[in-house]
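Structure, as structure tokens:
Start at 1 with the first residue, then count along the sequence. Every number for a ligand or one of its atoms is a count from 1 in the order of the listing.
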Amino acid sequence: MNIEKTKQILQELPSHVELIAVSKTRTKEEVDEAYRLGCRTFGENKVQELVAKYDPKYTWHLIGHLQRNKVKDAVKYADMIESLDSMRLAQEIEKQCAKIDKVMPVLVEVNISQEENKTGIAYEECINFIKECQQFPHLDIQGLMCVGPLTDNQADIEACFESMHTLFQEAQEAFGPSIHILSMGMSDDYELAIKHGSTMVRLGTILFGKRDYTI
Ligand SMILES: *Cc1c(COP(=O)(O)O)cnc(C)c1O
């Protein structure tokens, strides 16, 4: 855990930007340590991992691609699903939330970089997708999420973030203030994301150090 860096980020983030501490591959002890430093919301990309570390004191966001057979557990434990990326997933979340009488806060993941291996709703389809999701009473769409392009080229990253910001504003115009979260920015690009209107950053490596996927 990068204690000084974590403290610094918690102190220096603008007040309109929420920090999600991405705790995938980290132990519950590391999550507890981050909590003691002031982190309150944790991001996991696998449901099993979230369930294993679950602690009702903390707020949990699912940020990774969600398979439909995991939705039943996901809606039980997650406080927000940031990675709504298909209509079939929306239908399944609706179905499982109806069973437990829960309204699920969600963000629509947008495939902004149009890289082939990326999930998400296409930019052009996003407004329509949100419109169609209005039929689901157990989904509360609160905004948009994206993963920036995999490049070191700052201009390309900024162009992506700027078009996300434009889309976010369009969604606010279309659906009103219920759309209030723009989740964009990770360890390598969160400062650029904030410059382009991000209201939620998802930071893993910069807080916890490099991930070891072999454990
Ligand atoms: C892993 C992950 C992050 C955090 O990435 P870092 O580069 O470690 O900050 C953020 N968002 C998503 C969707 C992730 O999967």
Side-chain angles (χ1 to χ4, degrees), residues 1-10 12-13 17-27 30-31 33-34 37-53 58-67 70 74 77-86 89 105-121 126 142-154 156-158 160-161 164 168 181-215:
M1 180 105 218
N2 300 325
I3 294 175
E4 289 313 316
K5 192 70 195 172
T6 302
K7 284 187 188 164
Q8 186 196 341
I9 287 172
L10 279 164
E12 290 178 0
L13 274 187
V17 178
E18 188 182 349
L19 171 66
I20 310 301
V22 176
S23 49
K24 64 190 185 200
T25 78
R26 308 294 168 178
T27 62
E30 287 174 286
V31 172
E33 186 179 16
L37 293 173
C39 299
R40 290 294 174 261
T41 306
F42 296 89
E44 290 285 344
N45 60 352
K46 291 194 180 129
V47 179
Q48 314 85 285
E49 222 182 308
L50 192 164
V51 174
K53 289 175 221 173
Y58 309 161
T59 302
W60 298 93
H61 287 196
L62 269 173
I63 61 174
H65 176 65
L66 180 56
Q67 289 166 320
K70 305 278 166 59
Y77 293 97
D79 298 289
M80 176 177 273
I81 296 173
E82 294 199 22
S83 41
L84 174 59
D85 59 6
S86 73
L89 179 59
V106 298
L107 303 180
V108 174
E109 181 174 352
V110 180
N111 184 0
I112 194 68
S113 63
Q114 298 179 325
E115 286 161 6
E116 251 183 44
N117 56 347
K118 291 246 171 88
T119 51
I121 303 295
C126 187
Q142 299 193 352
L144 308 178
M145 182 272 239
C146 74
V147 174
L150 195 64
T151 170
D152 289 332
N153 185 317
Q154 187 154 329
D156 290 348
I157 298 171
E158 293 204 51
C160 258
F161 287 166
M164 260 319 271
F168 179 59
I181 298 174
L182 178 55
S183 175
M184 74 181 181
M186 308 178 15
S187 292
D188 287 336
D189 57 19
Y190 73 98
E191 281 155 317
L192 294 177
I194 292 170
K195 179 175 158 197
H196 291 277
S198 169
T199 71
M200 184 177 274
V201 293
R202 308 178 309 271
L203 306 184
T205 309
I206 199 170
L207 307 180
F208 292 103
K210 256 176 90 79
R211 275 183 295 278
D212 182 358
Y213 283 104
T214 60
I215 47 170

**Request:** Enumerate the atoms of ligand 1 whose separation from the nearest heavy atom of L203 is less than 4.0 angstrom.
**Result:** 9 (O)
**Item:** Test item, I63 contacting ligand 1 (heavy atom, 4.0 angstrom)
**Value:** yes
**Prompt:** Between C126 and V110, which heavy-atom pair has the shortest distance, and what is it?
**Reply:** SG-CG2, 3.9 Å
**Complete:** Looking only at protein heavy atoms, what sits closest to atom 11 (N) of ligand 1 is R202 NE, 2.9 Å
**Prompt:** What do we get for T205 next to ligand 1 when only non-hydrogen atoms under 4.0 Å count, side chain, backbone, both or neither?
**Reply:** both
**Complete:** For G204, the ligand 1 atoms with a heavy-atom partner under 4.0 Å come out as 4 (C), 6 (P), 8 (O), 9 (O)
**Closest approach of T151 to I157 (non-hydrogen atoms, all atoms of both residues)** = O-CD1, 3.4 Å
**Message:** Can you report which non-hydrogen protein atom sits closest to atom 9 (O) of ligand 1, along with the distance?
**Reply:** S187 OG, 2.5 Å
**Message:** Any atom of ligand 1 sitting under 4.0 Å from a heavy atom of D188?
**Reply:** no
**Request:** May I have the step-by-step check of salt bridge (Lys or Arg N to Asp or Glu O under 4.0 Å) for E49 and K53, ending in yes or no?
**Result:** CA-CA 6 Å; E49 222 182 308; K53 289 175 221 173; 2.8 Å; yes
**Side-chain touch I206/N2, heavy atoms, less than 4.5 angstrom** = no
**Request:** Examine the proximity of ligand 1 to E82 and report which part, side chain or backbone, both or neither, has a heavy atom under 4.0 Å away.
**Result:** neither
**Asked** Which protein non-hydrogen atom lies closest to atom 15 (O) of ligand 1, naming both residue and atom, and how far is it?
**Response** K24 NZ, 2.6 Å
**Request:** For the residue pair V47 and L66, establish whether any side-chain heavy-atom pair is separated by less than 4.5 Å.
**Result:** yes
**Asked** Out of M145, M186, H65, K210, who gets a non-hydrogen atom closest to atom 5 (O) of ligand 1?
**Response** M186
**Message:** Which residue is it: L107, V106, I63? I am looking for the one with a side chain to side chain contact (heavy atoms under 4.5 Å, CB included) to I81.
**Reply:** V106
**Intermediate values then yes/no, side chain to side chain contact (heavy atoms under 4.5 Å, CB included), R211 and T205** = CA-CA 7 Å; R211 275 183 295 278; T205 309; 3.6 Å; yes
